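Everything below concerns the one structure shown next.
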There are 2 protein chains.
Amino acid sequence: MYKRVLIIEDDAVLRTSIEQTLELQNLEPIPTNGFTQARRLIRSNFRGVILSDIQMPDHDGFDVLRFAQSCDPELPVVLLTGHSDVPTAMRAVRDGAYEYLEKPCDPQRMVDVLHRALAYRHLALENRAMREELDDTQPLDDIGTLAERLEVYEKQIIEQELSDAGGKVATAADRLGIPRNTLYDRMKKLRLVAKAFRR
Amino acid sequence: MYKRVLIIEDDAVLRTSIEQTLELQNLEPIPTNGFTQARRLIRSNFRGVILSDIQMPDHDGFDVLRFAQSCDPELPVVLLTGHSDVPTAMRAVRDGAYEYLEKPCDPQRMVDVLHRALAYRHLALENRAMREELDDTQPLDDIGTLAERLEVYEKQIIEQELSDAGGKVATAADRLGIPRNTLYDRMKKLRLVAKAFRR
DNA sequence: GCATTTTTCCCGAATTTTCGGACAAAACTT
DNA sequence: AAGTTTTGTCCGAAAATTCGGGAAAAATGC
């Protein structure tokens, strides 16, 4: 499970306090003092979540939220808010923030929320990775004759074995249980050259 | 995105009120008056989340939570709690509840939380489905001669086409771009019988 | 630069696969 | 129940693939 929490908080005291709380709960805080510092860490494949103060001198929590959402709509942003700003925070939640926490907040509450956000993030990225893998294997349907469809697989298998053997046709043929010459025959038909697999 | 929310609430007035709130937000409430009634709807592939009162005459929210978790640890359970029970609810969250809502709660807050829970649920089930699909395509490695490995794929392709054609060998052969007799030849070699694909 | 390995191609025979024709049995129309 | 379609099987010739031997070209090692 993911553990990284990108903290965006200008108040050094509060930031350190949060850091300690998270460390005690076996999370990995990444402290930053504002949007500018955090910005370069926010990307679509960030394996963690964001915990940002909503009121800050240079940029506010909404800037963080907007930027994070633009990088990845499935990157959870938890907002820290003063009591007076609760209505604002609730609106932020409707705008895509994952959750808000009222300052000062119960540490246990904070880690509960962050754990949920991390679980969500984990699922979202795992999902994305699997989707990509599936896309690779999907386009093997519908069209073409049986022999044509099989050629796709044959090509994949031979490429795999050739790649494992570092382009050595002899060993690849061995692992495939066929004579060298036969593999050359197949390679010619599939327009494969051993050179492409040298390492 | 999923919309179903299984409501477990003994107070008919509150239940109806929640129902209306959810319907207005384009969600699909499934009202029940208690654990007994809800139990048969809770299963590992339930495409929605649970919203349960924590204090009820027959069984309490913990029974619901325990049962739901035993069916599926990734099935979110949101608990409704009176003000005095907040500490209990927070403990429940640590025990696996997705979130708690303090009664009487802001309707907007409720739908926000439910939406998050539904999004999580959606990801969790999608994930599971993809994992199964990937497991199917995985065992295509390492062992056997080239011809043997290809036979696995050939079998899959023919099975697929035969299944689509409802066991009609002629149409399957057509879709595969080979004569009927050839398909019979292949089927014999692969020990496939058309009967198994009739519907 | 020279020896050795490896790639790549060609040949031809043995084997396998393809595919059309034919046909009995089974299944379905009407 | 007769007629039509579909299934499943066998045959045999044409086509494709396999595979061992061989040999030139290219790459690699020393």
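Numbers restart at 1 for each chain; the letters A, B, ... are given by sequence-line order, proteins then strands. The shown structure was predicted, so the numbers you read here are calculated from the model rather than taken from an experiment.
In this structure, CD of E154(B) is placed 13 Å from C1' of dT16(C), rounded to the nearest angstrom. Distance CG (L150(A)) to P (dT17(C)): 13 Å, rounded to an integer number of Å. In this structure, CD1 of I158(A) is placed 12 Å from P of dT17(D), rounded to the nearest angstrom. Taking atom NZ on K168(A) and atom P on dG29(D), their separation rounds to 8 Å, with Å as the unit. Regarding L176(B), its CG atom lies at a distance of 14 Å from the C1' atom of dT18(C), rounded to whole Å. Rounded to an integer number of Å, the gap from CZ of R180(A) to P of dG20(D) is 10 Å.
E99(A) and R109(B) are joined by a salt bridge, as a carboxylate oxygen and a charged side-chain nitrogen come within less than 4.0 angstrom of each other. Between D63(A) and R39(A) there is no salt bridge, since none of the side-chain N atoms of the basic residue sits less than 4.0 Å from a carboxylate O of the acidic one. Salt-bridge formation is detected for the pair E126(B)/R131(A): a Lys NZ or Arg NE/NH1/NH2 atom is positioned less than 4.0 Å from an Asp or Glu carboxylate oxygen. Looking at E151(B) and R191(B), no side-chain N of the basic residue comes within less than 4.0 Å of a carboxylate O on the acidic one, giving no salt bridge.
By the criterion of side-chain heavy atoms lying less than 4.5 angstrom apart, applied directly or through intervening Ile, Leu, Val, Met, Phe, Trp or Tyr residues, L27(A) is not grouped with L6(A); the two fall into different hydrophobic clusters.
Looking at heavy atoms from C-beta onward, I8(A) lies out of side-chain contact with D53(A) at the 4.5 angstrom threshold.
Residue R186(B) forms a side chain to side chain contact (heavy atoms under 4.5 Å, CB included) with just one option from L192(B), N181(B), I158(B), L176(B), and that option is I158(B).
For the helix from dG1(C)-dC30(D) to dT30(C)-dA1(D), the end axes, each set by the C1' atoms of five terminal pairs, are bent relative to each other by 60° (nearest 10°).
Along DNA chain D, the nucleotide closest to K195(A) and the one closest to G177(A) are compared, and the more 5′ of them pairs with G177(A).
Inspection of the Q55(B) and D85(B) side chains reveals an N or O donor paired with an N or O acceptor under 3.5 Å.
Contacts with DNA chain C (heavy atom under 4.0 Å) in residues 181-193 of chain B: N181(B), T182(B), D185(B), R186(B), K189(B), listed by number.
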